[in-house]
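Worksheet: the structure to be examined is printed underneath.
Labels below follow one simple rule: chain letters A, B, ... track the order of the sequence lines, proteins then strands, and each chain is numbered from 1. Remember, it's a predicted structure, so these values are computed and weren't measured experimentally. Hydrogens, waters and symmetry mates play no part in the numbers below; they use all other heavy atoms, side chains included.
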Amino acid sequence: MSDARLQVPRGTRDFYPEDLRRREWLFGHFRAAARRFGFEEVDAPVLEHEELFTRKAGEEILEQLYHFELHGRRLALRPEMTPSIARMVMARSGSLRFPLRWFTVTQNWRYERMTRGRKREHYQWNMDIWGETSVTAEAELIAAVFDLLDALGLAHRDVKIRISSRALLEETLRNTILADRPEAFPGLCVAIDKHEKIGEDAVRDLLTDSDGPVGLGEDDARFVISWLGLRKVEDAARHVPPDSRAFADLQRLFNLLDTYGLADRVVFDASIVRGLAYYTGIVFEAFDADRKLRALCGGGRYDRLIESLGGSAIPAVGFGFGDVVIGELLSDKKLLPEPPRQLDAVVFPFGDDERAAAIRVANALRRERQWSIELVLGTPRLRRVLADAHRAGARFLYVLGPDELSRGEMLIRDLDSGEQTTEPIPN
RNA sequence: GUGGGCGUAGCUCAGCUGGUUAGAGCGCCAGGUUGUGGUCCUGGAGGCCGGGGGUUCGACUCCCCUCGCCCACCCCA
């Protein structure tokens with residue numbers, strides 16, 4: 001107990017059978033929702049070249065990278081899935097037919113301090129659409145999130161998605177305070193993403209830090225922060241031309257979501273900017289209605305990621321949805337199930353004289369019916385076997401004792417009704 | 001990193017202001033005559049009381065250190 005070698009590393013989890021059943025229940029919903037939206041599942045190694053993740057915008061996610069050097073190669077455990085998928089798309093961009101709808105359910109790693117809803121190892125459902133520039137893609141993704149939440153049993157009003165547009169912010173700033181140095185924009189986004197967590201004053205300090213990536217004046221910083229407080233698309237679009245693409249996209253997205261029947265579950269919130277540097281357009285995050293927990297998921301449009309990796313431009317939009325926060329929410333709402341073991345039957349030979357026949361019975365049931373069969377090992381008492389079979393949730397118990405065997409039969413007990421029948425032992 | 005709380009049986013915990021053989025519930029194991037169930041009854045195994053040091057005639061109990069966990073803050077997808 002006090003031996004550190006015998007404990008899981010901090011921030012990681014063991015999954016015992018009941019834990020894994022619950023995890024697979026959640027993953028099953030991830031996959032089912034993805035398939036309802038026509039997405040295909042892909043996978044990639046948990047280990048990548050560190051360079052795949054290296055970006056220069058002061059993102060915390062990269063400072064928290066699990067990384068090491070081995071035989072002169074710098075490797076890292078993936079902190080998120082998007083770069084790996086971008087790599088896969090890039091490698092076959094010449095032969096893939098777009099738009100692509102790909103999803104993953106993967107383990108991701110980040111070295112960070114532990115709090116509620118944050119672990120160092122967690123699983124994430126990732127959904128991406130590649131090769132589509134219109135916000136019809138964003139609308140599908142947001143609809144998929146709600147589709148999942150509904151399937152999990154959450155109430156209509158339990159979760160809201162907040163939506164904003166980095167493109168709208170970028171246009172606004174290009175027309176104003178970043179007119180002569182647009183390259184500062186990603187760093188600015190990373191800084192103001194912290195706004196809700198560290199407060200306006202701290203963000204102002206970050207933005208005005210002359211040694212920092214942004215280096216704004218006081219008035220400019222105040223302008224940026226005041227923009228974040230806006231909750232109406234029209235207000236946020238005040239500093240862009242009437243024909244602004246970003247403005248039009250936002251309006252169209254909300255119109256589309258209305259058509260999906262999601263109008264009362266989404267809201268514009270200019271303070272959503274996301275902490276990753278690569279986002280370029282619409283960004284969004286899902287929150288529990290009580291705002292007790294961290295974001296359930298987050299995503300957005302990243303049209304230039306593949307370009308930045310050296311490929312040709314392929315527009316993309318996606319989100320990541322972690323298993324930890326949704327687990328907290330479902331637990332709070334008493335919606336976490338305790339899925340039973342899936343066992344069709346237990347086959348019980350009384351002793352070694354009956355074992356050969358029992359093995360034939362188990363073989364037949366496994367092969368012909370594809371049943372899940374637990375063949376009793378050793379020679380416990382029938383009483384014990386019945387209790388165990390009951391507890392395991394088995395539907396039938398096949399009993400092969402001396403009496404049955406002498407008649408070439410086996411006893412089949414229905415564990416729900418208690419009814420018993422006999423059948424010939426298969427050859 | 002800061003503050004607070006907690007480490008006693010596999011799990012959840014109780015052990016009053018220090019007092020001798022450390023408890024409960026659940027779980028586990030075994031029985032309750034021959035081969036029949038989540039109940040019931042009986043019995044049992046299992047704890048260097050997280051670790052180390054100190055105070056004391058005596059420490060699960062008090063003090064210090066240390067490790068671990070939880071919560072909040074801080075930080076951040």
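With B:rG35, B:rC76, B:rU36 as the choices, the nucleotide that has an atom nearest any side-chain atom of A:Phe350 turns out to be B:rG35. Checking B:rC76, B:rG35, B:rU36 against the side-chain heavy atoms of A:Arg413 singles out B:rU36 as nearest. The A:Arg381 side chain lies nearest to B:rG31 when the options are B:rG35, B:rA77, B:rG31. Of the listed nucleotides (B:rA77, B:rC69, B:rA30), B:rA30 has the atom at the smallest distance from the side chain of A:Arg384. Of the candidates B:rA77, B:rU36, B:rG35, the closest approach to any side-chain atom of A:Arg383 belongs to B:rU36. Checked against B:rG37, B:rC28, B:rC29, the side chain of A:Arg391 finds its nearest nucleotide in B:rC28. With distances taken from any side-chain atom of A:Ala387 to the nucleotides B:rU36, B:rG31, B:rG38, the minimum falls on B:rG38.
When heavy atoms are screened at a 4.0 angstrom cut-off, A:Leu411 is found touching base atoms of the nucleic acid. Within 4.0 Å of A:Val385, counting heavy atoms only, lies no atom of the nucleic acid at all. Within the 4.0 angstrom heavy-atom criterion, base atoms lie near A:Asp414. Counting any heavy atom pair closer than 4.0 Å across all strands shown, A:Gln420 reaches a base atom. Across all strands shown, A:Glu404 has heavy atoms under 4.0 Å from base atoms, whether or not it also approaches the sugar-phosphate. Across all strands, A:Asp388 comes closer than 4.0 Å to no nucleic acid atom at all (heavy-atom distances). A:Leu415 comes within 4.0 angstrom of a base, heavy atoms only. Residue A:Gly418 is in base contact, counting any heavy-atom pair closer than 4.0 Å across all strands shown. No contact: A:Ala389 has no heavy atom under 4.0 Å from any strand. Base contact: A:Gly298 has a heavy atom under 4.0 Å from a base atom.
In this structure, A:Asp288 atom CG and B:rA77 atom P are separated by 19 Å, rounded to whole Å. Atom-to-atom, CH2 of A:Trp125 to C1' of B:rA77 comes out at 18 Å; the value is rounded to the nearest Å. Rounded to an integer number of Å, the gap from CG of A:Asp332 to P of B:rC71 is 12 Å. Atom NE2 in A:His390 sits roughly 11 Å away from atom P in B:rG37 (whole-Å rounding). Atom pair A:Tyr16:OH and B:rG27:C1' shows a separation of 15 Å (rounding to whole Å applied). Atom CZ in A:Arg341 sits about 17 Å away from atom P in B:rG38, given to the nearest Å. A:Leu386 has its CG atom 14 Å from the P atom of B:rU39, to the nearest Å. Distance, A:Leu400 CG to B:rU36 P: 16 Å, rounded to whole Å.
Across all strands shown, B:rG7 forms a Watson-Crick or G-U wobble pair, both distances under 3.5 Å, with B:rC67. Under the Watson-Crick and G-U wobble criteria, each requiring two contacts below 3.5 Å, nucleotide B:rU2 is paired to B:rA72. When Watson-Crick and G-U wobble pairs are counted only if both distances are under 3.5 Å, B:rG46 pairs with no nucleotide at all. B:rG18 is unpaired under the Watson-Crick or G-U wobble criterion, no partner having all donor-acceptor distances under 3.5 Å.
Remark: the A:Arg110 side chain and the B:rC76 base include no donor-acceptor N/O pair separated by less than 3.5 Å. Between the base of B:rC76 and the side chain of A:Arg118 there is a donor-acceptor pair shorter than 3.5 Å.
Comparing B:rC29 with B:rA45, their C1' atoms are spaced 7 Å from each other, to the whole Å.
With a 6.0 Å radius and a threshold of 12 heavy atoms from other residues, nucleotides or ligands, A:Tyr111 has its OH atom at or below the threshold.
For the pair A:Glu138 and A:Arg301, the salt-bridge criterion is met [side-chain N within less than 4.0 Å of a carboxylate O]. The existence of a salt bridge linking A:Arg355 and A:Asp352 is confirmed by a sub-4.0 Å separation between a basic side-chain nitrogen and an acidic carboxylate oxygen.
In this model, the phosphate group of B:rA77 is not approached by any side-chain N or O of A:Arg120 to a distance below 4.0 Å at OP1 or OP2.
When A:Leu309, A:Ile314, A:Leu305 are each tested for a side-chain contact (heavy atoms from CB on, under 4.5 Å) with A:Met90, only one passes: A:Leu309. Checking A:Asp158, A:Asp147, A:Asp150 one by one against A:Arg265, the salt bridge (Lys or Arg N to Asp or Glu O under 4.0 Å) holds for a single residue, A:Asp150.
In summary, the side chains of A:Asp303 and A:Tyr279 do not present any donor paired with an acceptor at a separation below 3.5 Å, with no hydrogens or angles considered.
Both tests pass for A:Arg369 against the ring of A:Trp371: distance under 6.0 Å to the centre and angle within 45° of the axis.
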